[in-house]
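Structure first, then comments.
Quick note on labels: first sequence line is chain A, next is B, and so on, each numbered from 1. Below, each value reflects all heavy atoms present in this structure, side chains not excepted, and no hydrogens, waters or symmetry copies.
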2 protein chains.
Amino acid sequence: MELLKDCISKQVSIDTASLEKILSMFESEELKKGDYFLQSGAVCRKMAFIETGYLRMYDIADGKEITLWIGSSRKFITSISSYVFQTGSIWNIQALTDCKLHVITKEKHLLLGEQEPKWLEFDNLLLARSFALLEQGAFAHLHTTAQQRFDALMKNEPDLFLNVPQQHIASMLGIAPESLSRLRKKSIK
Amino acid sequence: MELLKDCISKQVSIDTASLEKILSMFESEELKKGDYFLQSGAVCRKMAFIETGYLRMYDIADGKEITLWIGSSRKFITSISSYVFQTGSIWNIQALTDCKLHVITKEKHLLLGEQEPKWLEFDNLLLARSFALLEQGAFAHLHTTAQQRFDALMKNEPDLFLNVPQQHIASMLGIAPESLSRLRKKSIK
DNA sequence: TAAATTTCTTAACAATTGTCAAGAGAATAG
DNA sequence: CTATTCTCTTGACAATTGTTAAGAAATTTA
């Protein structure tokens, strides 16, 4: 629980009691590699803070699995629009490795919102950053080459390349696995 | 004001009094071609419903203007994260043609939220759809070719090609203006 | 309206990335 | 531990898209 504690207290100034109250609403959950946290079509009723492990968010298009995002330690993951508006999710969320999660349900999330103003503040920051991150990703795809996106990911999340199948990373970068293989080869030289 | 009225009443069931209350919070605003609705760095304090005209949302990267989105009639436009969280906007929003807008300020927006539950409902739908749209756009860039994105835009928003400089459309599609020129030529045959 | 400026198109060529096929390597199941 | 399956790499080639440069077309300004 330490990681989650740090994550919250680093972003909002909060007293111990409130922080403990928030933490008490989370339950631990473990996933085995390959397990699904969410399947497309279902309404997403929980949000997870990733303690350890990797999960990918993907959908299928033209018969191919396309990975939009891979979440790793210290990140929150959920199908945002499904979780916020309780509509069917288009995304699948699957564990790429064994995972340890801290999970909060939609019910407790709403309850916390009423009882702890700091949670609302934190929740808002989370949403804002998710939106901004998505926007930045979309923006990057408009003016960068695969090479540039690869370099950036290599710099910002090098651990991904060591812990996650390359095909999913390639998909997230918007390129063929073979192309990723070539870019990796170049970068090692 | 008719277009805005329709836009709201088509999405939430609402009585006349509440609808009129909401509409009364909007003020008309006209922009000349080239005028800015918002400049990057500034906190975005208003949201606009586009009655007529076209506006683009863009930022500069490596010295080039990159257009993330072009808004047209019957669409809402604002720098969402800046408007929602009152932080500095990274986006510029500029009129590409003369525009007639219906504008609501952040203050009145918040006020309406307290007074009209239906506004909250509508506002939520708007945000959810903006997020979903952005997600879909990002997703599309991962598995489609420029050709496919061009075809889709041609089908969904053909009027864009007749009313907006091609260079901005190319930017939004993530390709060079010369490439767009080629795709257009092909599609005419 | 005419001149100046900006935008768009075209063509040749270069660079990047995709596709296909084969084999090497790694992970998993029995 | 071994066989099987899945994943990754490599190379040859094709297709797409970017770049550069020039001229045509359209728009704006005076």
The helix from C:dT1-D:dA30 to C:dG30-D:dC1: angle between its terminal axes, five pairs each, to 10°?
60°
Enter the distance from B:Leu126:CG to B:Leu133:CG here, rounded to the nearest 0.5 Å.
10.5 Å
Would a line drawn from the ring center of B:Phe85 to the ring center of A:Phe131 be shorter than 6.0 Å?
no
May I ask you to check whether B:Lys21 and B:Gln115 show a side-chain donor-acceptor distance below 3.5 Å?
yes
Just by distance, no angles: are the side chains of B:Ser89 and B:Ser82 close enough, under 3.5 Å, to form a donor-acceptor pair?
no
Which pair of heavy atoms, one from A:Ser79 and one from A:Ile93, lies closest together, and at what distance?
N-CD1, 3.8 Å
Short N-O contact, B:Arg74 and B:Glu51, less than 4.0 angstrom:
no
Looking at B:Asp98 and B:Lys32, does any basic side-chain N land under 4.0 Å from a carboxylate oxygen?
yes
Under 4.0 Å, counting only non-hydrogen atoms across every strand here, what does A:Gly174 touch: a base, just sugar-phosphate, or nothing?
sugar-phosphate
Using a 3.5 Å cut-off and no angle test, enumerate the donor-acceptor pairs between side-chain atoms of residues 134-147 of chain A and protein atoms at least two apart in sequence or in another chain.
{"residue": "A:Glu135", "atom": "OE1", "partner": "B:Trp91", "partner atom": "NE1", "Å": "2.9"}
{"residue": "A:Glu135", "atom": "OE2", "partner": "B:Trp91", "partner atom": "NE1", "Å": "3.3"}
{"residue": "A:Thr144", "atom": "OG1", "partner": "A:Ala140", "partner atom": "O", "Å": "2.5"}
{"residue": "A:Thr145", "atom": "OG1", "partner": "A:Gln148", "partner atom": "N", "Å": "3.1"}
{"residue": "A:Thr145", "atom": "OG1", "partner": "A:Gln148", "partner atom": "OE1", "Å": "3.4"}

Show me the protein contacts with nucleotides 21-30 of chain C, counting only N or O atoms at under 3.5 Å.
{"residue": "C:dT28", "atom": "OP1", "partner": "A:Lys33", "partner atom": "NZ", "Å": "2.7"}

Integer-rounded Å distance: [N] [atom2] and [X] [atom1]:
{"X": "B:Ile169", "N": "C:dT9", "atom1": "CD1", "atom2": "P", "result": "10 Å"}
{"X": "B:Leu183", "N": "C:dT10", "atom1": "CG", "atom2": "P", "result": "12 Å"}
{"X": "B:Gln167", "N": "C:dT6", "atom1": "CD", "atom2": "P", "result": "11 Å"}
{"X": "B:Gln148", "N": "C:dT17", "atom1": "CD", "atom2": "C1'", "result": "15 Å"}

Students should find that the nucleotides of DNA chain D closing off the region near chain B, any atom under 4.0 angstrom from a heavy atom, are D:dT17 to D:dT28
Among C:dG18, C:dT9, C:dT10, which nucleotide has an atom closest to any side-chain atom of B:Arg184?
C:dT9
Could you work out which one of C:dT10, C:dT7, C:dT17 sits closest to the side chain of A:Ile175?
C:dT17
Identify every side-chain donor-acceptor pair in residues 167-180 of chain B under 3.5 Å, counting partners at least two apart or on other chains, and give the distances.
{"residue": "B:His168", "atom": "ND1", "partner": "B:Arg56", "partner atom": "NH1", "Å": "3.4"}
{"residue": "B:Ser171", "atom": "OG", "partner": "B:Thr67", "partner atom": "N", "Å": "2.7"}
{"residue": "B:Ser179", "atom": "OG", "partner": "B:Arg182", "partner atom": "NH2", "Å": "3.3"}

I need the full list of ring-ring contact (aromatic ring centres under 6.0 Å, His included) pairs touching residues 92-128 of chain B, with sequence neighbours left out, sorted by first then second residue.
B:Phe76-B:Phe122, B:Tyr83-B:His109, B:His109-B:Trp119, B:Trp119-B:Phe122
